[in-house]
**Student:** 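Below is the structure I would like to discuss, written out as structure tokens.
Because the structure is a prediction, the values reported are computed rather than measured.
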Amino acid sequence: MTRSKIYKFDDEFKRKARAHQFKFRDEILRVSYDDKNPQVMLTPEAAKDGLIFYAGYRDYIRKKVTDFRATALYSNMLRSEHIPFNIFTPMELDKFGAVNLFNKIIGGGISLVKDIKIEFAGNENRSAYLNDGTSFDVYIEYVAVDGRNGGIGIEVKYTEQGYRLGKKEKEDILKPDGPYKLKTERCGFYKDDLTISRFITDNDLRQIWRNHILGFSMIDIGQIAYFHHIHLYPKGNIHFAEHALPNYKKLLTDKGRESFKDICFEELFELMKTIFKTEEQTNWINYLQRRYIVDNE
């Protein structure tokens, strides 16, 4: 890694991930874009060609996004926005495999995967949920073995950590009769001594909490009968592995822990290998491992 590609604000994992993505861009994609050092960006031309996505399913992904453009989603290799498309969109082509995969992750109960949606915030009427912009990076809509509907909301992280509180979000948390407070109290996910005002200052747990209660809000209005929230991250992201996720789990009741799962990229990809076994799928999973697994570089 050259000195010009070092970014002084990187933590250890992001530094390694930056070097890893630079190497992938330079050696595998063969794209050079020195104007954007130290950011790992694709050129506008490469972004419009969809090079941020796996070539084997690129045409299928294109149908989901309409067209590739020179924006952050299609060009920033260090962020997570594109990753749900690379990992989960191809599973739409093998929903039987998707059933087997998610049954292993959540402990069973899925009969049929109906749909896999990217960036899903519920149906159009957000006031029925949290009345804000909370959304899942991936949403798995399924039919349970008893015939009722269920959902799995997935949050995907790569180098990201927590985020700063916004003005509206703070106001929503403080509302005594607002959906944040009412859903948190009704869901049964949290221990009795939890007060949601802690999420005003806890930048590391706030998004996990919001996604978890978004799922409950879908149960609350009768849209689904079952819900699990999955937090997906690389094991090298110590922020989640050793801090945010262990601390979040401390807030949960047995019901909350049952509906919340975390899994790292490394575990997920190995599990996928046991289920998706065609030559095309093997090439896809090998790509995911080569692209996102960060070694000691």
**Student:** Residues in side-chain hydrogen bond (donor to acceptor under 3.5 Å, both in side chains) with T278, at least two apart?
**Tutor:** Q281
**Student:** When rounded to the nearest 0.5 angstrom, what is the spacing between CG in L78 and NZ in K14?
**Tutor:**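 If I round to the nearest 0.5 Å, the distance is 5.5 Å.
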**Student:** F265: what forms a ring-ring contact (aromatic ring centres under 6.0 Å, His included) with it, not counting sequence neighbours?
**Tutor:**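 Scan of F265 (ring-ring contact (aromatic ring centres under 6.0 Å, His included), adjacent residues dropped) gives F269.
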**Student:** A98: what forms a side chain to side chain contact (heavy atoms under 4.5 Å, CB included) with it, not counting sequence neighbours?
**Tutor:**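 A98: side chain to side chain contact (heavy atoms under 4.5 Å, CB included) contacts with M91, F102, V113.
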**Student:** If you measure from the Lys or Arg side-chain nitrogens to the Asp or Glu carboxylate oxygens, is any gap between K16 and E12 under 4.0 Å?
**Tutor:** yes
**Student:** Is there a donor-acceptor pair under 3.5 Å between the side chain of S75 and the backbone N or O of A47?
**Tutor:**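 No, the answer is negative, given that no donor and acceptor are paired below the 3.5 Å cut-off.
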**Student:** Between D49 and R58, which heavy-atom pair has the shortest distance, and what is it?
**Tutor:**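 Answer, listing the atom of D49 first, then R58: O-CD, 3.5 Å.
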**Student:** Looking only at heavy atoms, what is the nearest atom pair of Q39 and F22, with distance?
**Tutor:**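 Looking at all heavy atoms of both residues, the shortest contact is O-CZ, 3.8 Å.
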**Student:** Name all residues meeting the ring-ring contact (aromatic ring centres under 6.0 Å, His included) criterion together with Y142; count only those two or more places apart in sequence or in a different chain, and write none if there are none.
**Tutor:**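 Y142: no ring-ring contact (aromatic ring centres under 6.0 Å, His included) contacts found.
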**Student:** Using a distance-only test with no angle check, is there a side-chain donor-acceptor pair under 3.5 angstrom linking Y54 and N283?
**Tutor:**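 Y54 vs N283: no donor-acceptor pair found between side chains.
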**Student:** With the 4.5 Å side-chain cut-off for hydrophobic clustering, are I238 and Y248 part of the same group?
**Tutor:**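 The answer is no; the residues belong to distinct hydrophobic clusters.
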**Student:** What are the two closest non-hydrogen atoms of R148 and D146, and how far apart are they?
**Tutor:**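 Closest heavy-atom pair between R148 and D146: N-OD1, 3.0 Å.
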**Student:** Is a side-chain donor-acceptor pair under 3.5 Å present for E169 with Y163?
**Tutor:** yes
**Student:** Assess, by modelled atom type and distance only, whether the side chains of E266 and Q289 contain a donor and an acceptor separated by less than 3.5 Å.
**Tutor:**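 Looking only at side-chain atoms, Q289 and E266 do not form any donor-acceptor pair under 3.5 Å.
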**Student:** If we ignore angles and hydrogens, is there a donor and acceptor under 3.5 Å between the side chains of D295 and H20?
**Tutor:**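 H20 and D295 do not have a side-chain donor-acceptor pair below 3.5 Å.
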**Student:** Counting only N and O atoms by type, is there a donor-acceptor contact under 3.5 Å from the side chain of N247 to the main-chain atoms of H243?
**Tutor:**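 Confirmed, N247 side chain pairs with H243 backbone.
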**Student:** Indicate yes or no: does K168 engage D132 in a salt bridge with an N to O separation below 4.0 Å.
**Tutor:**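 Judged by the 4.0 Å cut-off on N to carboxylate O distance, K168 and D132 do not form a salt bridge.
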**Student:** S80 side chain to I83 main-chain N or O, any donor-acceptor pair under 3.5 Å?
**Tutor:** no
**Student:** Looking at M41, is its backbone amide N or carbonyl O close enough to the side chain of N76 to form a donor-acceptor pair, meaning the two atoms are under 3.5 Å apart?
**Tutor:**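 No; zero donor-acceptor contacts below 3.5 Å.
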**Student:** Starting from the C-alpha separation in whole Å, work towards a yes-or-no answer on ring pair (Phe, Tyr, Trp, His ring centres under 6.0 Å) for F189 and H212.
**Tutor:** CA-CA 9 Å; F189 294 164; H212 205 169; 4.3 Å; yes
**Student:** Decide whether N237 and E160 meet the rule of one side-chain donor and one side-chain acceptor closer than 3.5 Å.
**Tutor:**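 No donor-acceptor contact under 3.5 Å links the two side chains.
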**Student:** Only counting residues at least two apart or in another chain, list the ones meeting ring-ring contact (aromatic ring centres under 6.0 Å, His included) with F96.
**Tutor:**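 ring-ring contact (aromatic ring centres under 6.0 Å, His included) list for F96, sorted by chain: empty.
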**Student:** Do D115 and Y139 have side chains that get closer than 4.5 Å, going by heavy atoms?
**Tutor:**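 Side chain of D115 against side chain of Y139, heavy atoms only: no contact under 4.5 Å found.
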**Student:** Work out which heavy atom in Q223 is nearest to a heavy atom in F120; give both atom names and the distance.
**Tutor:** NE2-CZ, 4.5 Å
**Student:** Run the ring-ring contact (aromatic ring centres under 6.0 Å, His included) test against H228 and tell me which residues pass, sequence neighbours left out.
**Tutor:** none
**Student:** For residues F13 and G236, report the shortest heavy-atom separation together with the two atoms involved.
**Tutor:** CB-O, 3.2 Å
**Student:** Would you say the side-chain atoms of R206 pair up with the backbone N or O of G162, donor to acceptor, closer than 3.5 Å?
**Tutor:**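 Pair absent, no side-chain N/O of R206 close to backbone of G162.
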**Student:** Indicate whether the side chain of S259 and that of H229 have a donor and an acceptor atom separated by less than 3.5 Å.
**Tutor:**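 Note: S259 and H229 side chains miss the donor-acceptor criterion.
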**Student:** Give me the ring orientation class for Y287 and Y292: parallel if the planes are under 30° apart, tilted from 30 to 60°, perpendicular past 60°.
**Tutor:** perpendicular
**Student:** According to side-chain hydrogen bond (donor to acceptor under 3.5 Å, both in side chains), who are the partners of E119, at least two apart in sequence or on a separate chain?
**Tutor:** S135
**Student:** Do Y158 and Q21 get their side chains close enough for a donor-acceptor pair, meaning under 3.5 Å?
**Tutor:**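 Yes - a donor-acceptor pair under 3.5 Å links their side chains.
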**Student:** For E280, give me all partners under side-chain hydrogen bond (donor to acceptor under 3.5 Å, both in side chains), at least two apart in sequence or on another chain.
**Tutor:** none
**Student:** Should E270 and K273 count as an ion pair when the cut-off is N to O under 4.0 Å?
**Tutor:** yes
**Student:** If you link I, L, V, M, F, W and Y whenever their side-chain heavy atoms are under 4.5 Å apart, who else ends up in the same group as L112?
**Tutor:**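 Its cluster mates, by chain and number, are V143.
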**Student:** Do the rings of W209 and F199 sit parallel, tilted or perpendicular, given the 30° and 60° boundaries?
**Tutor:**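 Answer is parallel, since the angle falls under 30°.
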**Student:** So that I can tick it off, tell me whether D11 and R15 are bridged by a salt bridge, with the cut-off set at under 4.0 angstrom between side-chain N and carboxylate O.
**Tutor:**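 No salt bridge links R15 with D11.
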**Student:** Main chain of N86, side chain of W284: is a donor-acceptor contact present, judged purely on distance under 3.5 Å?
**Tutor:**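 The answer is yes, because a donor-acceptor pair under 3.5 Å joins these two groups.
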**Student:** Measure from the side-chain N and O atoms of R69 to the backbone N and O of K48, and report whether any donor-acceptor pair falls under 3.5 Å.
**Tutor:**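 No, the answer is negative, given that no donor and acceptor are paired below the 3.5 Å cut-off.
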**Student:** Treating N103 as the side-chain partner and G109 as the backbone partner, does any N or O pair qualify as donor plus acceptor under 3.5 Å?
**Tutor:** yes
**Student:** Do V145 and F227 belong together in a cluster built from hydrophobic side chains that touch within less than 4.5 Å?
**Tutor:** no
**Student:** Would you tell me whether Y180 and N131 have side-chain atoms, one donor and one acceptor, within less than 3.5 Å of each other?
**Tutor:**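 Checked: Y180/N131 side chains show no N/O donor-acceptor pair below 3.5 Å.
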**Student:** Checking E81 now: which residues fulfil side-chain hydrogen bond (donor to acceptor under 3.5 Å, both in side chains) with it, not counting sequence neighbours?
**Tutor:**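 E81 satisfies side-chain hydrogen bond (donor to acceptor under 3.5 Å, both in side chains) with R79 once adjacent residues are dropped.
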**Student:** Show every salt bridge (Lys or Arg N to Asp or Glu O under 4.0 Å) that has at least one partner inside residues 84-97, sequence neighbours left out.
**Tutor:**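 Output for this query lists K64-E92.
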**Student:** Does anything in residues 218-239 form a salt bridge (Lys or Arg N to Asp or Glu O under 4.0 Å)? List the pairs, not counting sequence neighbours.
**Tutor:**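 Listed once each, the pairs are K183-D220, R186-D220.
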**Student:** Transitively linked via ILVMFWY side-chain contacts under 4.5 Å: L182 with I221?
**Tutor:** no
